Number of protein chains: 2
Amino acid sequence: MKKESMLSQTEENYLKEIYALQEGNQWAVSTNSIAEKMQTKASSVTDMLQKLSNKGLVDYTKYRGSRLSGKGNDKAISIVRKHRLWETFLVEKLNFLWDEVHDIAEQLEHIKSEKLIKKLEAYLGSPKFDPHGHPIPNGNGEITKVNRVSLAEFRIEEVGIFVGVKDSSDSFLKYLSKNKIAIGDTLKLLYIEPFDNSFLIYTNSRQFVISENVAKNLYLKSE
Amino acid sequence: MKKESMLSQTEENYLKEIYALQEGNQWAVSTNSIAEKMQTKASSVTDMLQKLSNKGLVDYTKYRGSRLSGKGNDKAISIVRKHRLWETFLVEKLNFLWDEVHDIAEQLEHIKSEKLIKKLEAYLGSPKFDPHGHPIPNGNGEITKVNRVSLAEFRIEEVGIFVGVKDSSDSFLKYLSKNKIAIGDTLKLLYIEPFDNSFLIYTNSRQFVISENVAKNLYLKSE
DNA sequence: ACATTTTTTTAGGTTAATCTAAAAATAAAT
DNA sequence: ATTTATTTTTAGATTAACCTAAAAAAATGT
Ligand SMILES: [Mn+2]
Ligand SMILES: [Mn+2]
Ligand SMILES: [Mn+2]
Ligand SMILES: [Mn+2]
């Protein structure tokens, strides 16, 4: 039962965090950035990086930062997969709101059973995206790549469909719900105010002003 | 988030085990019996009993054994509730077999979210029994008491409905499945062989011999 | 280039949960 | 009532995951 390759919850959380930090760019992630995200001290991170490095999950060079190894990347993706499938379950089947599911999924993602996650996926109808519009890796770790850009990169008059959030903090999700912006909505960028870079958008038959920060965190699929 | 009353998984497992050991009888449970069930050493159990006693969850007297306190009992029941609701989910919704769910539920029962378990219960239609015929405590810790006796206590010619197992080990559950004995089946005791106390029963239009040990682990509701 | 600041690692502790070995208490046997 | 056996507790280590403080390396500023 206790397989050699069994990782602790803590190890899994580190891998997931490193994955999130390194995705996109190709540079090594710094010890401090991990510490910040994990809400721990840099010295604790160093300890863990040494351990993960010994297990072949992370390529770590003293003072130079870390990247996930192939094995570490696979493991991280499998945790992200579980996280997003559980979030989908909580919203689709148990009727949770999209801003209530993250913390519960943080726990559920560590349940150990390949069969469980296979069956859960089938039960949900093999969804490709979670409630926040994040892609759900399939059983082989493949992730649907989707052409989406942040609203902040739109040109005036450009129209797109809101397909996902970048920031998925509870507070941002609550802000969107409160202002009736939901995944699937069509948005049109009307005007950018030069003074503060705020965005005037049109959606659901109304005009609406959002901050640049909000715009940056909305992913749209251009029409 | 980290409530004062938050218990570790290990503490929860100890409470659940003490609960199982003390249920029925009213005597203190011995340190050794806990150690055996938990697959640890007695010295580890002593350590934990001292901790749980300090937290007011267990009434523990050195060398004299332990009983759950009221608070400890409530907590144990809430873990049993979660365990059985998850087992029901796995069987009813994800189509697991009844002999596959226990180990997964051992993990799921530790997920911390009152709201989750409330919603899960509603989603399942507030079931009163889990896939093994064990009663599921309600949100107030109340347990449906059911009049059931083990087949071993039946008299010849007595008829009953199989409503649950005592032993719910994978191997016993697999034995029952293999021999096509399922919850809900009507059973009649035909004869007890004096030589080895084996039981001849009639069910599903056929006769069938089971050992005394099997008979002891079948709970029936007498007709 | 050298001094200062920032980042990262090491050294040395702490806590929870475990272990082994030894001591103490209780129970059983003579 | 002693002796013997069993059960339980204590003492002292170990491991994982954390911490603080100090040392070392790297980055930055002049
Ligand atoms: Mn999430
Ligand atoms: Mn998500
Ligand atoms: Mn079970
Ligand atoms: Mn059960």
Side-chain angles (χ1 to χ4, degrees), chain A residues 1-18 21-22 25 27-67 72 75 79 106-107 109-110 112, chain B residues 1-18 21-22 25 27-67 72 75 79 106-107 109-110 112:
Chain A
M1 219 55 101
K2 46 194 97 151
K3 289 249 292 293
E4 192 265 296
S5 67
M6 274 262 267
L7 301 179
S8 70
Q9 283 201 195
T10 309
E11 291 172 315
E12 290 191 347
N13 283 333
Y14 270 94
L15 292 178
K16 192 165 55 107
E17 209 49 76
I18 298 168
L21 287 166
Q22 77 175 32
N25 60 59
W27 307 290
V29 322
S30 75
T31 299
N32 262 355
S33 65
I34 300 171
E36 197 184 334
K37 286 275 181 185
M38 302 280 296
Q39 312 245 69
T40 47
K41 302 294 165 178
S43 54
S44 305
V45 174
T46 300
D47 279 354
M48 183 55 83
L49 288 174
Q50 287 166 345
K51 191 202 304 193
L52 293 174
S53 174
N54 285 338
K55 291 192 177 190
L57 296 160
V58 160
D59 295 327
Y60 162 69
T61 323
K62 245 188 177 190
Y63 292 106
R64 292 273 95 124
S66 312
R67 298 280 300 176
K75 190 65 207 172
I79 301 160
E106 285 289 313
Q107 301 177 61
E109 72 192 5
H110 302 292
K112 261 95 178 168
Chain B
M1 220 53 103
K2 45 193 99 146
K3 287 250 290 294
E4 192 261 299
S5 67
M6 275 262 269
L7 301 179
S8 70
Q9 282 200 196
T10 308
E11 290 171 316
E12 291 191 345
N13 283 335
Y14 271 93
L15 291 178
K16 191 165 55 106
E17 210 47 79
I18 298 168
L21 287 166
Q22 76 175 31
N25 59 60
W27 307 291
V29 321
S30 75
T31 299
N32 262 356
S33 66
I34 299 171
E36 197 186 334
K37 285 276 182 182
M38 302 280 297
Q39 312 245 69
T40 47
K41 301 296 165 175
S43 54
S44 307
V45 174
T46 299
D47 279 354
M48 182 55 82
L49 288 174
Q50 288 166 346
K51 190 200 308 191
L52 293 174
S53 176
N54 286 336
K55 292 193 176 190
L57 295 160
V58 161
D59 296 326
Y60 162 70
T61 322
K62 245 188 176 190
Y63 291 108
R64 292 275 95 124
S66 312
R67 298 281 300 177
K75 189 67 207 171
I79 302 159
E106 285 289 313
Q107 301 177 63
E109 71 192 5
H110 302 292
K112 260 95 177 168

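Here is the naming used below: chain letters follow the sequence lines, and residue numbers restart at 1 for every chain. Quantities reported herein were computed from a predicted structural model and do not represent experimental measurements.
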Measure CE/A:Met48 against C1'/D:dC19 and give the value in whole Å, please. 14 Å

Could you tell me whether B:Glu109 and B:Lys16 have a side-chain N and a carboxylate O separated by less than 4.0 Å? yes

Rounded distance (Å) that lies between atom P of C:dT7 and atom CG of A:Asn32: 6 Å

Look at A:Thr31 and C:dT9 and indicate whether a side-chain polar atom (N or O) is within less than 4.0 Å of OP1 or OP2. yes

Looking at A:Gln50, I'd like to know whether one of its side-chain N or O atoms comes within less than 4.0 Å of OP1 or OP2 on C:dT10. yes

Let me see the working for A:Thr40 and A:Tyr14 under side-chain contact (heavy atoms from CB on, under 4.5 Å), right down to the final yes or no. CA-CA 11 Å; A:Thr40 47; A:Tyr14 270 94; 3.8 Å; yes

So if I take every side-chain heavy atom of B:Tyr60 and compare against D:dT9, D:dC18, D:dA25, which nucleotide ends up nearest? D:dT9

Looking only at D:dA27, C:dT8, C:dT10, the nucleotide nearest the A:Arg64 side chain is D:dA27

Value in whole Å for how far the P atom of C:dG13 lies from CG of A:Asp47: 15 Å

Roughly how many Å is it from CD1 in B:Ile34 to P in C:dT18, rounded to a whole number? 13 Å

Just by distance, do the side chain of B:Glu11 and the backbone of B:Leu52 share a donor-acceptor pair under 3.5 Å? no

Could you give the CD-to-C1' distance, from B:Glu11 to C:dT18, as a whole number of Å? 14 Å

What contact category does B:Thr46 fall into here, base, sugar-phosphate, or nothing, at under 4.0 angstrom with non-hydrogen atoms? base

Where the side chain of A:Lys41 is concerned, which of D:dT20, C:dT18, D:dA25 is the nearest nucleotide? D:dT20

Once you round it to whole Å, what is the distance between P of C:dA16 and CG of B:Asn54? 11 Å

Atom pair distance, as rounded to whole Å: CE in B:Met6 and C1' in C:dA16: 15 Å

Would you indicate what B:Thr10 reaches in the nucleic acid, counting non-hydrogen atoms under 4.0 angstrom: base, sugar-phosphate, or nothing? sugar-phosphate

Go through B:Ser33 and B:Ser30 one step at a time and tell me if the side-chain hydrogen bond (donor to acceptor under 3.5 Å, both in side chains) criterion holds. CA-CA 5 Å; B:Ser33 66; B:Ser30 75; 3.1 Å; yes

Decide yes or no, distance alone: a donor-acceptor N/O pair under 3.5 angstrom between the base of D:dT20 and the side-chain of A:Ser43. yes

